[in-house]
Amino acid sequence: MNILILGGGGREHSLAWAVVQNPKCDRLVVAPGNAGLSQISDCANFDINDGGAVVTFVEEESIDFVIIGPEAPLAAGVADRLRDAGIAVFGPSQAAAALEASKAFTKEICAAVDAPTAAYGHFTDAAAAKAHVTAQGAPIVVKADGLAAGKGVIIAETVAQAHAAIDDMFGGEFGAAGAEVVIEEFMDGEEASFFVLCDGTDVLPIGTAQDHKRVGDGDTGPNTGGMGAYSPAPVLTDQIAEIALRDIITPTMAEMARRGMPYQGVLYAGLMIKDGQPRLVEYNVRFGDPECQVLMMRLGAQALDLMLAAAHGGLRDARVNWADDHALTVVMAAKGYPGSYDKGSVIGGLDAIEGDSSNMVFHAGTASEGGQVIATGGRVLNVTARGATLADAQARAYAMVDSIDWSDGFCRRDIGWRALG
Ligand code: AMP
Ligand code: GLY
């Protein structure tokens, strides 16, 4: 079959890497792609957030199946346009994507099904929000309601900080995303990500992972999109996963179906774990980036069969073929990230790395120019390895990192520290 993946980051490179290994894939196109993707697929350029443009491309190129990587096309309703045109698609409808696009919507669903999560209040004016904070005290969490590229969450240590964050949000700092604000109880514990596929009715767990959000070693410095990840996450034990499925995820999916917006695609549940109990931090309606890279490294070609089963309503009979393995990815970013950084520096040493089923450099912000790979983004490479143990995966990932010649890049040297102690 002919397959189209929307997106052009490390997440999409790892999805493409898994998909092309599956004999069901005859042709793969990725839009917009990057330098790594252009080595394993055709790359196309059109507006992936424009449902009409996507449907036109799919019809012209006889695409049979579309996998949507990032949240923006999902929130823009691209999956709906494809389904209306009779095209098989992996990814939720615009209505169901509200589980990520609106924090207030998710909180309301959690309340309806009694899913464990932080207590919250939802506000449309600053005075009421500030009065709530004053009454609750600190620490407390202030969140812009809408999509804010992961930046709309402030963990306030003091009431004064929370008040300042509320002023910033209602003052337009986060654009339309901050027109409504959710204020949450601060949850203590260890955070981990749980990934399940959903076909509108059934739910199939496909793995756990842990991200490293801060830019610096030892979890210091500002938040980023994620500086590295590993799978599985030991803190998310089978028993905790079972509780999360029973008390949080399955009831959410049932409630979505009951409201006439069945959820189809991957659901990424961010969980806070304390004393053996998971509580929901947030849902995302897509794979995490870089969590996807470690999941794909472990799943390989079967990922396509599982995504097809989700799209066609066949998850009840689907099984994941688990290996007793570990994967770890190190993000290499441009110096300055997550602040401002230069683009266009040349990355050397990539040709000497032979990618295989246990070692891969997934590309994020790269392009090819005159036969060379150049950096075009903040997060640029995801150096990913699989091993019998996490320590083995970590050692091999860093050995690859050390063979890459990119003086304008940096990475964290401690990815995996929580699990490796
Ligand atoms: P979100 O965009 O909702 O995932 O929030 C970004 C990050 O802020 C999460 O991954 C957590 O690390 C942290 N966070 C969000 N909400 C809470 C909360 N209620 N308590 C503690 N930490 C939180
Ligand atoms: N790595 C976190 C995310 O994709 O949201």
Side-chain angles (χ1 to χ4, degrees), residues 7 9-12 14-15 69-72 74-75 97 99-107 110 115-122 133 136 138-157 162 165 169 174 177-178 181-195 207-215 219 222-231 233 235 266-274 278-296 329-331 333 337-338 362 364 378-379 382 384 412 415 418:
R11 167 179 49 210
E12 288 76 24
S14 70
L15 287 167
E71 61 275 23
L74 295 166
L99 283 177
E100 175 165 355
S102 168
K103 294 185 189 300
F105 175 81
T106 296
K107 286 306 222 181
C110 285
T117 184
Y120 79 109
H122 177 215
V133 165
Q136 297 294 317
I140 196 155
V141 183
V142 182
K143 301 187 174 186
D145 180 60
L147 291 177
K151 299 189 181 101
V153 174
I154 308 290
I155 315 254
E157 306 287 343
M169 286 186 191
F174 298 95
V181 164
V182 167
I183 302 205
E184 276 185 21
E185 163 199 0
F186 174 77
M187 292 188 288
D188 197 18
E190 189 168 341
E191 214 174 336
S193 308
F194 190 25
F195 294 86
T208 64
Q210 227 161 354
D211 192 8
H212 300 61
K213 286 183 198 290
R214 303 295 194 95
V215 75
D219 289 339
N223 265 335
T224 69
M227 293 302 292
Y230 53 89
S231 171
V235 63
V266 61
L267 185 70
Y268 154 2
L271 302 174
M272 193 67 81
I273 297 159
K274 194 172 177 221
R279 295 169 83 192
L280 184 74
V281 178
E282 61 164 351
Y283 284 127
N284 293 303
V285 299
R286 50 170 175 86
F287 282 107
D289 186 345
E291 294 94 323
C292 187
Q293 290 80 316
V294 284
L295 293 176
M296 289 305 125
T329 189
V330 179
V331 170
Y337 174 81
F362 296 119
R379 292 190 297 168
N382 308 137
T384 312
R412 277 181 63 162
I415 301 304
R418 255 178 221 284

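For ligands, and for the atoms within them, numbers begin at 1 and follow the listed sequence. What's counted below: heavy atoms across the whole structure, side chains too, no hydrogens, waters or symmetry copies. Here, residue 1 is the first one in the sequence, and each next residue gets the next number. Computed from a predicted model, the values in this text were never measured in an experiment.
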(message) Which of the numbered atoms in ligand 1 are under 4.0 angstrom from any heavy atom belonging to E185?
(response) 18 (C), 19 (N), 20 (N)
(request) Report, in ascending order of atom number, the atoms of ligand 1 lying under 4.0 Å from any heavy atom of K103. (result) 1 (P), 2 (O), 3 (O)
(message) Residue-level breakdown please: for E191 versus ligand 1, do any non-hydrogen atoms fall below 4.0 Å on the side chain, on the backbone, on both, or on neither?
(response) side chain
(request) Could I get the full list of side-chain hydrogen bond (donor to acceptor under 3.5 Å, both in side chains) partners for D289, not counting sequence neighbours? (result) Q293
(message) Can you confirm whether V330 sits close enough to N382 that some side-chain heavy atom of one is under 4.5 Å from a side-chain heavy atom of the other?
(response) no
(request) Taking side-chain hydrogen bond (donor to acceptor under 3.5 Å, both in side chains) as the test, write out the residues that go with S14, two or more places apart. (result) none
(request) Determine, considering heavy atoms only, which of V153, N284, I183, I140 sits nearest to atom 6 (C) of ligand 1. (result) V153
(request) Run the numbers for me: atoms of ligand 1, each under 4.0 Å from some heavy atom of K213, listed by number. (result) 10 (O)
(message) Taking non-hydrogen atoms within less than 4.0 Å of ligand 2, which protein residues qualify?
(response) D211, G225, Y268, R286, G288, D289, P290, E291
(message) Going by the closest heavy atom to atom 19 (N) of ligand 1, which one wins out of R214, E282, E184?
(response) E184
(request) Report yes if some heavy atom in the side chain of T329 is under 4.5 Å from a heavy atom in the side chain of F362; otherwise report no. (result) no
(request) May I ask you to check whether Q210 and Y230 show a side-chain donor-acceptor distance below 3.5 Å? (result) yes
(request) State whether R412 and D219 are salt-bridged, where the test is any N-O pair (Lys NZ or Arg NE/NH1/NH2 against Asp/Glu carboxylate O) under 4.0 Å. (result) yes
(request) Mind checking side-chain hydrogen bond (donor to acceptor under 3.5 Å, both in side chains) for T117 and listing every partner two or more places apart, or none if nothing turns up? (result) K107
(message) Distance under 4.0 Å to a non-hydrogen atom of K143: what atoms of ligand 1 satisfy this?
(response) 3 (O), 15 (C), 16 (N)
(message) Whether the side chain of T208 engages the backbone of F194 through a donor-acceptor N/O pair (distance < 3.5 Å, no angle test) should be reported.
(response) no
(request) Decide yes or no for N223 and R214: does some side-chain heavy atom of the first lie under 4.5 Å from some side-chain heavy atom of the second? (result) yes
(request) Dump the intermediate steps for side chain to side chain contact (heavy atoms under 4.5 Å, CB included) on V141 and I183, then the final yes or no. (result) CA-CA 6 Å; V141 183; I183 302 205; over 6 Å; no
(message) I need the single residue from R286, E291, E282 that forms a side chain to side chain donor-acceptor pair (under 3.5 Å) with Y268. Which is it?
(response) E291
(message) Is the contact between D188 and ligand 1 made by the side chain, the backbone, both, or neither, using heavy atoms and a 4.0 Å cut-off?
(response) neither
(message) Is there a polar contact between ligand 1 and M187, counting only N or O atoms under 3.5 Å apart?
(response) yes
(request) Mark up the atoms of ligand 1 that fall under 4.0 Å of a heavy atom belonging to F186, in ascending order. (result) 20 (N), 21 (C)
